[in-house]
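Notes follow the structure.
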Amino acid sequence: FLKEFIRLKARGDAPWSHTCHGLPDCANEPTVHCRDCEGLQLYCQPCVVMLHSAMPLHNIEIWTGMYFQQTLCDLGLCIQLGHPAGIQCNNPVRAFNFTVLDISGIHSVTLFFCNCATTKTHMVQLLCTHWYPATTTDPQTTATFHLLNHFQMYTFESKGSAFEYWQALFCLTDNTGMKLPKVCIDIFYLLFL
């Protein structure tokens, strides 16, 4: 088992790991892997961004030549609210330093709010995405509805504290402690208590 676990943490040794599994005619070098998608397929950066436009909170890893480094925001994925996935707004407003708490960890994302004439408020745009904002004015942190439901079941069944759940989210994001997410525990308490 150990040998296979170590192989899975690297690029693997199969011939299919040398071609991109994104678009059929893609000839780019595959250096990107998604931990949340099934299989061990590797993709090039443009293909993985296109394939994950509707799944922005998946944990993407880039091969550095020695190990996989986690990121999706750095690959250029932008989340546009107020429009269907993949459709860009003609008048977007960027949300700076936006953080999403999800069951898979804490994610820094590039987010654009819709600013069209018939647009909804930023808070309503987040709620329509199933993201619960931490504040009602100028939100910069949200929690997914999935995370809120998970936290509720966690506290009902295990009687664990909000702090323990917060620590688990930190470990899911980066268990090495080297890249701590830029989100304050006070925001977490605003969301959950």
Side-chain angles (χ1 to χ4, degrees), residues 22-23 26 32-38 43-62 69-154 162 165-166 168-170 172-174 179-193:
L23 298 174
C26 183
V32 183
H33 170 70
C34 179
R35 288 190 317 181
D36 296 325
C37 291
E38 294 294 322
Y43 304 95
C44 66
Q45 292 183 10
C47 286
V48 84
V49 169
M50 183 206 58
L51 292 169
H52 284 81
S53 63
M55 300 170 281
L57 301 181
H58 274 202
N59 289 298
I60 301 298
E61 301 175 324
I62 300 174
Q69 182 178 10
Q70 298 176 7
T71 183
L72 183 55
C73 180
D74 294 339
L75 291 177
L77 179 68
C78 299
I79 302 167
Q80 175 66 62
L81 300 184
H83 295 274
I87 305 297
Q88 295 299 317
C89 179
N90 292 331
N91 192 19
V93 175
R94 183 172 179 169
F96 291 97
N97 300 325
F98 206 85
T99 305
V100 180
L101 307 177
D102 184 49
I103 195 166
S104 62
I106 302 168
H107 304 272
S108 294
V109 298
T110 303
L111 181 77
F112 290 93
F113 289 106
C114 174
N115 199 28
C116 296
T118 59
T119 189
K120 299 175 181 174
T121 66
H122 292 182
M123 184 179 67
V124 172
Q125 289 181 51
L126 290 169
L127 290 171
C128 288
T129 310
H130 291 198
W131 293 358
Y132 190 83
T135 62
T136 56
T137 57
D138 194 27
Q140 294 181 345
T141 304
T142 63
T144 62
F145 285 9
H146 191 173
L147 178 82
L148 296 174
N149 290 334
H150 189 265
F151 176 73
Q152 182 181 31
M153 285 298 118
Y154 166 78
Y165 196 80
W166 174 255
L169 279 180
F170 259 78
L172 283 170
T173 305
D174 179 21
K179 264 186 356 184
L180 295 177
K182 296 176 183 169
V183 103
C184 162
I185 195 164
D186 295 338
I187 297 294
F188 186 78
Y189 285 139
L190 281 175
L191 285 165
F192 293 100
L193 300 178

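This structure is a prediction, so every number in the text was calculated from the model and none was measured.
- For the atom pair T142 OG1 and H107 NE2, the distance stands at 10.0 Å (nearest 0.5 Å).
- In this structure, the separation between OG1 on T121 and CG on L127 is 8.0 Å, given to the nearest 0.5 Å.
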Going through the checks in order, is the side chain to side chain contact (heavy atoms under 4.5 Å, CB included) test met by L111 and V100?
CA-CA 10 Å; L111 181 77; V100 180; over 6 Å; no
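- For H150, the side-chain hydrogen bond (donor to acceptor under 3.5 Å, both in side chains) partners two or more places apart in sequence, or in a different chain, are Y165.
- The backbone N or O of D102 lies less than 3.5 Å from no partner atom in the side chain of T144, so there is not a single donor-acceptor pair.
- One distance of note links CZ of F113 with CD1 of I79; it measures 10.5 Å at 0.5 Å rounding.
- For D36, the side-chain hydrogen bond (donor to acceptor under 3.5 Å, both in side chains) criterion is met by N59, not counting sequence neighbours.
- For the residue pair P139 and L126, the shortest heavy atom distance occurs at CG-CD1, 3.6 Å.
- Residues Y43 and V49 are not in side-chain contact: their nearest non-hydrogen atoms beyond the backbone lie 4.5 Å or more apart.
- In this structure, CZ in F151 is found 14.5 Å from NE2 in H146, a value given to the nearest 0.5 Å.
- The distance from the OG1 atom of T141 to the CG atom of L101 is 6.5 Å, given to the nearest 0.5 Å.
- With values rounded to the nearest 0.5 angstrom, I103 atom CD1 is found 12.0 Å from L57 atom CG.
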Check residues 80-95 and write down every donor-acceptor pair under 3.5 Å in which the side-chain atom is one partner and the other belongs to a residue at least two apart or another chain.
{"from": "Q80", "atom 1": "NE2", "to": "F112", "atom 2": "O", "distance (Å)": "3.4"}
{"from": "N91", "atom 1": "ND2", "to": "N115", "atom 2": "O", "distance (Å)": "3.0"}

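- Here the closest heavy-atom approach between residue C114 and residue Q125 is recorded as N-OE1, 2.9 Å.
- In terms of heavy-atom proximity, L172 sits nearest to S104 at CB-O, 3.9 Å.
- The shortest side-chain heavy-atom distance between P133 and H122 does not fall under the 4.5 Å cut-off.
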